[in-house]
Structures are given as C-alpha cells and as structure tokens.
Amino acid sequence: MAYWLMKTEPDVCSFDDIWKSPKRTTGWDGVRNYQARNFMRDEMQLGDEVFVYHSNAEPPGIAGIAEVASAAYPDPTQFDASHDHYDAGSTRDDPRWVQVDIKAVRKIPRFVSLDELRANPKLKAMRLLQRGNRLSITPVTPAEWRAILAMAGA
DNA sequence: GCCAACGTTGGC
DNA sequence: GCCAACGTTGGC
C-alpha cells in the first residue's frame, strides 16, 4: 500500500467533480511527463491512497482523498487529433502515455492549504514542497500521510 | 500577468 | 552529447 499526491486544476477537474462522477471515479488523463507516467505505469497499485491536490487555485492545497481504482492503461486523449493532449508521436501499437482511474473515497473536514503544509515541520522533506517541484504526481511517505490527515481533521 | 524552475527539442 | 531556445507549470 503506497500513498500519492496528484495535482489537478479545480477549474478543470476538482475533487468535487470526481466525487460527483459516476462511481465517484474518473480517468486521470492528460499526464504528459515521463516521470509522472512511470509512477502510474510502474509503481501504482490498485487501492493505493491518493491526496487530490488543487493547483492553480486560490488557495492551492489538498482537497480530498481518493484511491487508485485501475491498473495503468493507454490514455485515449493521446490519439485524438482534436484534443489538447494529442501526441502525434504516439501510436496505438505502442502508446506513449497511460492513465489510471481515480476514485474519490473520502471528503476531508478541513481543506489543507499549501501555506499550512509548508508551515508543518513534519513535512519539510515532502516532495511537493521542494523548490521548483512541478511534478504532477509525487509519492507521499506514510509519516507525511498521517501528518496531513491530522491537519485535515480526518 | 509575471517569472523562476524545469523539461523538451533540435541544431551542431 | 552539448546546450540554447522554447514551452509549461504553478505560486505569487
């Protein structure tokens, strides 16, 4: 059982949007970074727990708890020429990009803002908080997971 | 809207 | 294989 943090822009897909989706589940498409793809393809397991993080938001922060609800499979948007995430260099025989399904499992009593995360000394080493980090999927350690749950009142 | 940080691309 | 140019991310 591993823990992850996945970023989403709430204007595009918020935690509540996932919550309201059929089966509270959505395909996490659009990842176009090799490191993030490799996490999904090589390391994520069904049932891994996920913090859903709102980026480009006011304020940014952790909005809810989800879980990995599928194995990695090809992201269909890479094949769609009319789509923003189209990748002309990828083929159906050898897809470059994958996604997983993410299921919202629990609302949290309190939103945990980026400022609060930064202010918690227990999270000093958290990947999300490192200088210049832009990775949209990052691992979360069990200790970090517990600390953030406490901050969220969960 | 600005811009620092980082990833990718492509000429050489 | 180097590295400058360019594009993107995402906080502010």
Side-chain angles (χ1 to χ4, degrees), chain A residues 2-21 26-44 48-68 72-104 106-141 143-145 147-154:
Chain A
Y3 301 107
W4 304 95
L5 181 143
M6 299 174 80
K7 296 181 187 175
T8 181
E9 301 191 17
D11 290 350
V12 179
C13 177
S14 69
F15 180 76
D16 276 345
D17 291 336
I18 305 171
W19 188 267
K20 291 175 195 154
S21 297
T26 191
W28 204 267
D29 61 25
V31 171
R32 294 294 181 271
N33 170 282
Y34 289 106
Q35 228 179 323
R37 177 204 67 182
N38 293 348
F39 282 140
M40 290 195 290
R41 190 190 60 189
D42 304 334
E43 298 193 36
M44 276 189 181
D48 279 0
E49 296 196 85
V50 177
F51 283 133
V52 175
Y53 176 91
H54 285 176
S55 61
N56 270 323
E58 187 50 53
I62 289 169
I65 296 170
E67 68 180 21
V68 175
Y73 60 96
D75 175 347
T77 65
Q78 71 195 301
F79 307 123
D80 179 354
S82 69
H83 201 282
D84 275 354
H85 297 303
Y86 177 61
D87 183 349
S90 181
T91 65
R92 288 180 188 275
D93 286 344
D94 187 18
R96 183 175 291 168
W97 305 111
V98 300
Q99 66 184 68
V100 294
D101 289 343
I102 292 295
K103 177 176 185 175
R106 187 147 56 123
K107 296 197 180 195
I108 52 178
R110 285 192 296 106
F111 179 89
V112 182
S113 72
L114 178 59
D115 283 347
E116 293 175 81
L117 294 172
R118 288 198 192 284
N120 187 338
K122 290 180 181 168
L123 303 177
K124 230 181 167 62
M126 193 176 175
R127 184 83 170 262
L128 172 77
L129 305 180
Q130 300 314 300
R131 178 187 174 80
N133 169 68
R134 300 187 331 193
L135 202 54
S136 65
I137 299 175
T138 50
V140 174
T141 68
E144 290 164 352
W145 183 269
I148 294 168
L149 280 187
M151 297 170 83

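Predicted model only: the values in this text are computed from it and were never measured. Every chain is numbered from 1 and lettered A, B, ... according to where its sequence line falls, protein lines coming before strand lines.
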Report, as a single string ordered 5' to 3', how protein heavy atoms within less than 4.0 Å touch nucleotides 5-11 of chain C: B base, S sugar-phosphate only, - not at all.
--BBBBB
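- For R32(A) and T77(A), the side-chain atoms include at least one donor-acceptor pair closer than 3.5 Å.
- Closest non-hydrogen pair, Q78(A) versus S90(A), comes out as OE1-OG, 2.7 Å.
- Annotation: the span from M6(A) atom CE to M44(A) atom CE amounts to 4.0 Å, rounded to 0.5 Å.
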Considering only distance and modelled atom types, tabulate donor-acceptor pairs under 3.5 Å from the side chains of residues 36-43 of chain A, sequence neighbours left out.
| unit_1 | atom_1 | unit_2 | atom_2 | d |
| --- | --- | --- | --- | --- |
| R37(A) | NH1 | R96(A) | O | 3.1 |
| N38(A) | OD1 | R41(A) | NH2 | 3.3 |
| N38(A) | ND2 | Y34(A) | O | 3.3 |

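- At least one donor-acceptor pair under 3.5 Å links the side chain of D75(A) to the backbone N or O of G30(A).
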